[in-house]
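From a predicted model like this one, the values you see are computed outputs, not experimental measurements.
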Amino acid sequence: MDWTLAGGLAAGLLIATVTAPVGVSGAVFLLPVQMSVFAVPDPAVTPTNLLFNVVAGPGALCRYRRDGALRGDLTRRLVLGTLPGVVAGAALRVLALPGPGVFRLLIAALLLPLGLWLCLRTLTPARHRPPHAGESSPRTLTGLALAVGVVGGIYGIGGGSILGPVLVGRGLPVARVAPAALAATFTTSLVGAAAYALLSLVSSGDVAPHWWLGLACGTGGLIGGYLGARLQPRLPERLLRLLLGTLAATLGALYAAQALN
């Protein structure tokens, strides 16, 4: 038990330190660690991951707030779009998608294209990209946030890890997107964790989060998120994006192979 908690603390710290500078809480990469290393059963791994986001989120957000990076309407739009989506995703995850095989396919379908796309966008010279203003219409942004919220509720990532690279790929600067994406992840994770707690009352499966492991990972993420947000101006953005994209694509390919075997 002590080893598990220490391992969760270290995993949350390391992952959040690397991912927070680009607006990702780290839950998208922590989830396979929870399943493979800590043997968190399915579907309890999803609310445990949401619990990580709830505990870890204030670390990076506190730093970004001190820097004034949370101002503007982008945060509000993302939060309002993802909140209803994460509730729907949580219900689908518990009531319609309980099997581990299906869950692994969902992980692969999310991580593999996201990682490849992120690497491609990073390596493509800016002059070859189609010109656009970078700003999406409120309706488009809300629709995107809603769809991402559903996926985030199913996957247990809050949705910010998808919104971040999508919006950056559309031309918005990382310095603006990262705080808003993390704020959306934090708020939707609060709602998603509460939804799973309620669903655990009417479900016979292992739906409730593993509280101690989630708290341990979240504590590490709290520290790592603050450090990552503080390091953002000093880190090479291109290298971080390539690292995240490669890791996401590798994990997606691994889970696709496991699900198809």
- prompt: Where is the tightest heavy-atom contact between Ala60 and Ala20, given as atom of each residue plus distance?
  reply: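 Looking at all heavy atoms of both residues, the closest pair is CB-CB, 4.3 Å.
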query: Between Val22 and Gln232, is a side chain to side chain contact (heavy atoms under 4.5 Å, CB included) present by the stated rule, with each step listed?
result: CA-CA 8 Å; Val22 291; Gln232 186 196 59; over 6 Å; no
Name every donor-acceptor pair, under 3.5 Å, that has one atom in a side chain of residues 243-250 and the other anywhere in the protein, sequence neighbours excluded.
residue: Thr246; atom: OG1; partner: Leu242; partner atom: O; Å: 2.8
residue: Thr250; atom: OG1; partner: Thr246; partner atom: O; Å: 2.8

task: Please name the pair of heavy atoms, one in Tyr64 and one in Ala178, separated by the smallest distance, quoted to 0.1 Å.
output: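 Heavy-atom minimum between the residues: OH-CB, 3.9 Å.
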- request: Show your reasoning for whether side chain to side chain contact (heavy atoms under 4.5 Å, CB included) applies to Ser25 and Thr19.
  value: CA-CA 6 Å; Ser25 70; Thr19 59; 5.9 Å; no
- request: Treating Ile, Leu, Val, Met, Phe, Trp and Tyr as nodes and any side-chain heavy-atom pair under 4.5 angstrom as an edge, say whether Leu231 and Leu239 lie in one connected cluster.
  value: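 No; Leu239 is not reachable from Leu231 via cluster members.
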Connected-component partners of Leu80 among ILVMFWY, side-chain separation under 4.5 Å: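 When side chains under 4.5 Å apart are linked, Leu80 ends up in no cluster with other residues.
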message: Test of understanding: clusters of I, L, V, M, F, W, Y form through side-chain heavy atoms closer than 4.5 Å, transitively. Do Val37 and Ile15 belong to the same one?
response: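 Hydrophobic grouping puts Val37 with Ile15.
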query: So how far is it from Thr187 OG1 to Leu182 CG, rounded to the nearest 0.5 Å?
result: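 One gets 10.5 Å once the value is rounded to the nearest 0.5 Å.
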task: Examine distances only and state if a side-chain atom of Thr188 and a backbone atom of Thr185 form a donor-acceptor pair shorter than 3.5 Å.
output: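 Present.
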message: Applying side chain to side chain donor-acceptor pair (under 3.5 Å), can you list everything that pairs with Arg76, at least two apart in sequence or on another chain?
response: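 Side chain to side chain donor-acceptor pair (under 3.5 Å) check on Arg76 returns nothing, list empty.
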query: Should Leu78 and Val148 count as side-chain neighbours, where that means a heavy-atom distance under 4.5 Å?
result: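 The answer is no, as the side chains (C-beta and beyond) never meet within the 4.5 Å cut-off.
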- request: Hydrophobic side-chain clustering at under 4.5 Å (ILVMFWY, transitive links): who's grouped with Leu227? Put none if nobody.
  value: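 Noted: Leu227 shares its cluster with Leu13, Ile223.
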- prompt: Is Leu30 reachable from Met35 through a run of hydrophobic residues whose side-chain heavy atoms are each under 4.5 Å from the next?
  reply: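 Yes; tracing contacts between hydrophobic side chains, which count when under 4.5 Å, links both residues.
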message: If I compare all heavy atoms of Ala16 with all of Pro21, which pair ends up nearest, and what's the gap?
response: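 Scanning both residues completely, I find the closest heavy atoms to be O-CD, 4.4 Å.
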query: In Å and rounded to the nearest 0.5 Å, what is the CZ to CG distance from Phe38 to Leu5?
result: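 The CG atom of Leu5 is 9.0 Å from CZ of Phe38, to the nearest 0.5 Å.
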query: In Å and rounded to the nearest 0.5 Å, what is the CG to CD distance from Leu213 to Gln34?
result: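 Spacing of CG (Leu213) from CD (Gln34) equals 5.0 Å.
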All pairs passing salt bridge (charged side-chain N to carboxylate O under 4.0 Å, His left out) where residues 50-65 contributes a residue, at least two apart: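 Output for this query lists Arg63-Asp67.
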field: Minimum heavy-atom distance Phe186-Pro58, with the two atoms named
entry: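 Nearest heavy atoms, Phe186 then Pro58: CE1-CD, 3.8 Å.
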- request: Tell me who clusters with Leu112, hydrophobic residues only, linked when side chains sit under 4.5 Å apart either directly or through other members.
  value: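 Members alongside Leu112: Leu116.
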message: Please find the pair of heavy atoms, one from Thr82 and one from Ala184, that lie closest to each other, and give the distance.
response: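 Smallest heavy-atom distance, with atoms named: OG1-CB, 4.1 Å.
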query: Are Leu222 and Val54 connected in a single hydrophobic cluster, I mean Ile/Leu/Val/Met/Phe/Trp/Tyr linked by side-chain heavy atoms less than 4.5 Å apart?
result: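 Hydrophobic grouping puts Val54 apart from Leu222.
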message: Are Tyr226 and Leu9 connected into the same hydrophobic cluster when the rule is that any two of I, L, V, M, F, W, Y join if their side-chain heavy atoms are below 4.5 Å apart?
response: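 In one cluster: no.
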- request: Specify the closest pair of heavy atoms between Val150 and Ala88, including all atoms of both residues, with the distance to one decimal.
  value: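 Scanning both residues completely, I find the closest heavy atoms to be CG2-CB, 4.4 Å.
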